[in-house]
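This report refers to the structure that appears directly beneath it.
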Amino acid sequence: MREIESIKVTETVRNLCIEANSFLPGDIKGRICDACENEPWPLAKSILGIIKENFEIAEEKHVPICQDTGMACVFIEMGQDVHVNGNLEDAINKGVRRGYTEGYLRKSVVRDPLDRVNTKDNTPAMIYYSIVPGETFKITVAPKGFGSENMSQLKMLKPSDGLEGVKDFVLRVIEDAGPNPCPPIVVGVGVGGTFDKAAFLAKKALMRNTDERNSNPFYADLETELLEKINKKGIGPQGVGGKTTALAVNIEYMPTHIAGLPVAVNINCHVTRHKSAEL
Amino acid sequence: MSEIKRITAPLTKEALKELHSGDDVLITGVIYTARDAAHKRLCELLAEGKELPFPVKDSVIYYVGPTPAKEGQAIGSAGPTTSYRMDAYSPAMIEAGETGMIGKGKRSPEVIEAMKKNGAVYFGAIGGAGAYLSRCIKKAEVVCYEDLGAEALRRLEVVDFPAFVIIDSEGNNLYETGRKAYLDSAEDK
């Protein structure tokens, strides 16, 4: 049994919160630069140029890329032969509290969705645990902005809706979102499971490196096809028209019930942030 | 792209008539920040017939909740938030004298009607470019609602703050015309 002190978890979460908010992942930076180069529409191209300059400033000055430093989504991948000394959930929230306070990040969480009083330290984190074999302990922090989260949707399709139904729904969600989620966007799609699992798959899809396609060739082709269709819509960067509406589409799937075809679409803006560390 | 227009805030009704959907602008002057929670309070004051805690006539409101400023900074990262959440409040604010709104994303038909009727302009700033935009904000001070944290109402002094006119006072909408113009041009090729 491997032992990990909870203080190590707190320190790691703190650092990941700060770093994820200033340093965009390499694949996203690459996609923004490529899009900027290939964008034919002048206003769209100039916007992509500013988006590029923005992440460069954030990186150089160690300031947040976007003022919406998000809800802290924390993914814990924990080996079943690991024991954490102390309270793991408290340790994670302490890390978020320290990261958002010491890192000059925005506190964007209210304690109750209806009375709406700010918790003033960005806690609680949204925590997702997965138990895996062995002794690994991996933490991923993904600050999730709500401009794009608010444009996400889920639908329980019928099995007879099939592949066309899934494609139509994804394209409908992008159309409904229009300029609101700060395009160019990254699209996470979850297909299958239950109502809640589909939503989780869509969120998990956003964590995958956008340069890697789904390992199942059928879903890999579907990712490519949906990205092309989305970028034919002409919504463009910030919705002012242009070729670049989405930077990538990532799909995750899992088994589902004979009666169901759940589909969830989770949208991220061009500030698609996540950073991982292993203890 | 059109030539960049330099405009000043507060924004008079005469000046905003010269602004057209699709214009690239640089805004210099004094603007105020308010998001969902501050708008709710402001509109409660208006409904009670009370005076607002800032000069609303000819005001430009920026929908932003900045990150905290580090030492030596006027403000932290400060890009726009999505505007439709303010749609419930904007007609009353426009009636009260607001002439400009800076945000990102769609507006409701009711807001656009109020803009046409009273004379107001909706500007888009680049969403997600908070680090870039904060450099144009030279001074920031909380006017009221400090308890709201990032959502407090702030007075900002801005110099050459970049934005584009999304919807002008005649109701022309860049989200519709820009997309159509691009798609038409893509079809021609």
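Proteins get letters first, then strands, A, B, ... in listed order; numbering begins at 1 in each. Keep in mind it's a predicted model, so treat the numbers as computed, not measured.
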Separation of [Y] [atom2] from [X] [atom1] (nearest 0.5 Å):
| X | Y | atom1 | atom2 | answer |
| --- | --- | --- | --- | --- |
| A:Arg116 | B:Leu148 | CZ | CG | 11.5 Å |
| A:Tyr104 | B:Glu71 | OH | CD | 6.5 Å |
| A:Lys233 | B:Leu183 | NZ | CG | 10.0 Å |
| A:Leu43 | B:Leu174 | CG | CG | 6.5 Å |
| A:Glu39 | B:Tyr182 | CD | OH | 6.0 Å |
| A:Asn180 | B:Arg85 | CG | CZ | 9.5 Å |

Okay, A:Ala177 and chain B: the region with an atom under 4.5 Å from a heavy atom over there is backbone
Chain B heavy atoms under 4.5 Å from A:Val271: which part of the residue, side chain, backbone, both or neither?
side chain
Looking at [X], I'd like to know if its [atom1] atom is crowded, meaning that more than 12 non-hydrogen atoms belonging to other residues, nucleotides or ligands lie closer than 6.0 Å.
| X | atom1 | result |
| --- | --- | --- |
| B:Glu44 | CD | yes |
| B:Lys57 | NZ | no |
| A:Lys107 | NZ | yes |
| A:Lys275 | NZ | no |
| B:Lys70 | NZ | yes |
| B:Lys117 | NZ | no |
| A:Lys94 | NZ | no |
| B:Glu48 | CD | yes |

If we ignore hydrogens and angles and just use 3.5 Å, is the side chain of [X] paired with the main-chain N or O of [Y] as donor and acceptor?
| X | Y | result |
| --- | --- | --- |
| A:His270 | B:Ala129 | no |
| A:Gln67 | B:Gly79 | yes |
| A:Arg106 | B:Gly149 | no |

Among [options], which has the most heavy-atom pairs under 4.5 Å with chain A?
| options | answer |
| --- | --- |
| B:Thr82, B:Thr81, B:Ile126 | B:Ile126 |
| B:Gly124, B:Pro162, B:Gly105 | B:Gly105 |
| B:Ser83, B:Gly103, B:Pro66 | B:Pro66 |
| B:Gly178, B:Pro68, B:Gly130 | B:Pro68 |

Engaged part of [X] at the chain A interface, taking heavy atoms whose separation is under 4.5 Å:
| X | result |
| --- | --- |
| B:Ala69 | backbone |
| B:Ala78 | backbone |
| B:Arg107 | neither |

Among A:Asp68, A:Asn21, A:Thr69, find the residue that satisfies the side chain to side chain contact (heavy atoms under 4.5 Å, CB included) test when tested with B:Thr67.
A:Thr69
Could you pull out the closest heavy-atom pair between [X] and [Y], with the gap in Å?
| X | Y | value |
| --- | --- | --- |
| A:Cys182 | B:Gly128 | SG-N, 4.1 Å |
| A:Asn54 | B:Tyr132 | OD1-N, 2.7 Å |
| A:Gln238 | B:Tyr175 | O-CE2, 3.2 Å |

Could you please state which residues from residues 57-66 of chain A sit under 4.5 angstrom from chain B, measuring non-hydrogen atom to non-hydrogen atom, sorted by number, or 'none'?
A:Ile57, A:Ala58, A:Lys61, A:His62, A:Val63, A:Pro64, A:Ile65, A:Cys66
Using a 4.5 angstrom heavy-atom cutoff, name the option from A:Gly239, A:Gly242, A:Pro183, A:Pro237 with the most pairs to chain B.
A:Gly242
Heavy-atom check, side chain of A:Asn118 versus side chain of B:Glu151, under 4.5 Å:
no
